[in-house]
Amino acid sequence: MTGLIHIYCGDGKGKTTASVGLAVRCAGRGNKVVFTQFLKDGTSGECRVLAKLPEVTVMAANPVGKFSFRMTEAEKRETADALTRTFDAATGFAVREHARLLVLDEVCAAISCGFLDEKTVVKFLETKPETLEVVLTGRGPSEALQAHADYITEMKMQRHPFEKGIAAREGIEF
């Protein structure tokens, strides 16, 4: 079985949701899944449910808990170290445990904010086990990431409740 590479990108809602759906589908067939979130703390509703599934391992890294533009230089270094460790842990675990699916949620943001080295991610994609399916999510995936993708799905925002001042709602947006 060939493992392909997916990118879920764009400015619309649904990138993480799509990756969660694929993780559930894969786990539902008895396959091991590693669901990794970058710049998120792993406490969202979807992570809480995924963590209850014996086939799924959830990892997350957001040590500072701030948007990158609000971080000090020291916080940016701390975040970069944590995200690099999380990437290494997730990819290493997925390979060692012969996972069928590895989700790298918000990896595009981790790269574009300078917290994760793009060359490291690309090298992993080029050398991943043949049967490992990999999902990358986030806005603005680079040309280098796109060049390795078998699927690229763009979520496009046409309307969003924040335009009316409606904040993210627990159980719906997180």
Side-chain angles (χ1 to χ4, degrees), residues 1-9 14-65 68 75-139 141-142 144-153 174:
M1 184 176 300
T2 301
L4 302 178
I5 298 171
H6 308 236
I7 294 178
Y8 303 151
C9 59
K15 297 174 289 291
T16 298
T17 304
S19 67
V20 169
L22 185 56
V24 168
R25 176 181 289 151
C26 192
R29 294 292 185 175
N31 296 295
K32 290 182 183 177
V33 174
V34 179
F35 192 91
T36 311
Q37 291 193 312
F38 299 94
L39 301 169
K40 296 180 178 179
D41 65 7
T43 62
S44 63
E46 62 268 19
C47 285
R48 290 176 187 201
V49 168
L50 287 173
K52 291 179 182 180
L53 300 175
E55 300 85 4
V56 179
T57 300
V58 175
M59 298 181 181
N62 187 21
V64 177
S68 61
E75 291 170 332
K76 289 178 181 178
R77 285 190 300 276
E78 178 184 355
T79 299
D81 290 344
L83 270 55
T84 299
R85 283 192 310 273
T86 301
F87 179 81
D88 292 343
T91 56
F93 186 80
V95 170
R96 278 191 314 279
E97 296 296 318
H98 305 287
R100 178 71 182 101
L101 175 64
L102 170 63
V103 174
L104 300 171
D105 186 39
E106 292 298 344
V107 73
C108 297
I111 292 169
S112 67
C113 289
F115 297 132
L116 189 58
D117 181 49
E118 180 183 64
K119 290 178 184 174
T120 301
V121 176
V122 168
K123 182 178 179 183
F124 174 76
L125 296 175
E126 292 172 345
T127 60
K128 72 174 187 62
E130 185 177 312
T131 59
L132 180 63
E133 199 89 3
V134 179
V135 174
L136 305 103
T137 76
R139 295 177 181 218
S142 69
L145 294 178
Q146 291 183 52
H148 288 83
D150 299 291
Y151 298 86
I152 299 177
T153 302
F174 67 95

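Positions are given from 1, in the same order as the sequence printed here.
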Enquirer: Roughly how far, to the nearest 0.5 Å, is the CG atom of Leu83 from the CG atom of Asp88?
Expert: 11.0 Å
Enquirer: Hey, what do you get for OG1 (Thr86) to CZ (Phe115), rounding to the nearest 0.5 Å?
Expert: 13.0 Å
Enquirer: Which heavy atom in Val34 sits nearest to a heavy atom in Ala99, and how many Å separate them?
Expert: CG2-CB, 4.1 Å
Enquirer: Side chains of Glu46 and Thr16 only: does a donor on one sit below 3.5 Å from an acceptor on the other?
Expert: no
Enquirer: Looking only at non-hydrogen atoms, find the nearest pair between Arg100 and Cys26 and report the distance.
Expert: CG-SG, 3.6 Å
Enquirer: Under a 3.5 Å distance rule, please check whether Lys128 uses its side chain to pair with a backbone N or O of Ile5 as donor and acceptor.
Expert: no
Enquirer: Could you check whether any side-chain heavy atom of Gln37 comes within less than 4.5 Å of a side-chain heavy atom of Ser44, counting everything from C-beta outward?
Expert: yes
Enquirer: Is Leu22 close to Val103 at the side-chain level, that is, under 4.5 Å between some pair of heavy atoms?
Expert: no
Enquirer: Do the side chains of Leu102 and Val135 get nearer than 4.5 Å, heavy atoms only?
Expert: no
Enquirer: Can you see which heavy atom on Ala27 is nearest to which on Val33, and at what distance?
Expert: N-CG2, 3.9 Å
Enquirer: After noting the C-alpha distance and the side-chain angles of Thr17 and Val20, does the key distance pass the side-chain contact (heavy atoms from CB on, under 4.5 Å) rule?
Expert: CA-CA 5 Å; Thr17 304; Val20 169; 5.7 Å; no
Enquirer: Would you check if the side chain of Arg139 reaches a backbone N or O of Cys108 as a donor-acceptor pair within less than 3.5 Å?
Expert: no
Enquirer: Compare every heavy atom of Val58 with every heavy atom of Leu50, then report the nearest pair and how far apart it is.
Expert: CB-CG2, 3.9 Å
Enquirer: Measure the CG-NZ distance between Leu132 and Lys32 for me, rounded to the nearest 0.5 Å.
Expert: 12.5 Å
Enquirer: Passes side-chain contact (heavy atoms from CB on, under 4.5 Å), Thr43 versus Arg48? Steps please.
Expert: CA-CA 6 Å; Thr43 62; Arg48 290 176 187 201; 4.1 Å; yes
Enquirer: For Glu133 and Leu4, indicate whether the former's side chain and the latter's backbone hold a donor-acceptor pair under 3.5 Å.
Expert: yes
Enquirer: Within this structure, what is the CD1-CD1 distance for the pair Ile152 and Ile7, rounded to the nearest 0.5 Å?
Expert: 4.5 Å
Enquirer: Quick check: are there more than 12 heavy atoms from other residues, nucleotides or ligands sitting under 6.0 Å from CD of Glu126?
Expert: yes
Enquirer: Please report the interatomic distance CD(Glu106) to CD1(Ile111), rounded to the nearest 0.5 Å.
Expert: 11.5 Å
Enquirer: Applying side-chain contact (heavy atoms from CB on, under 4.5 Å), run through Phe93 and Thr36 and close with a yes or a no.
Expert: CA-CA 11 Å; Phe93 186 80; Thr36 311; over 6 Å; no
Enquirer: How close do Phe124 and Phe87 get, counting heavy atoms only, and between which atoms?
Expert: CB-CZ, 3.9 Å
Enquirer: Of all the heavy-atom pairs spanning Cys47 and Gly42, show the shortest one and how long it is.
Expert: CB-O, 3.2 Å
Enquirer: Enter the distance from Arg25:CZ to Asn31:CG here, rounded to the nearest 0.5 Å.
Expert: 12.0 Å
Enquirer: How far apart are the C-alpha atoms of Leu116 and Thr84, what are their side-chain angles, what is the distance that settles it, and do they pass the side-chain contact (heavy atoms from CB on, under 4.5 Å) test?
Expert: CA-CA 6 Å; Leu116 189 58; Thr84 299; 4.0 Å; yes
Enquirer: Go through the structure and list residues passing ring pair (Phe, Tyr, Trp, His ring centres under 6.0 Å) with Tyr151, not counting sequence neighbours.
Expert: His6
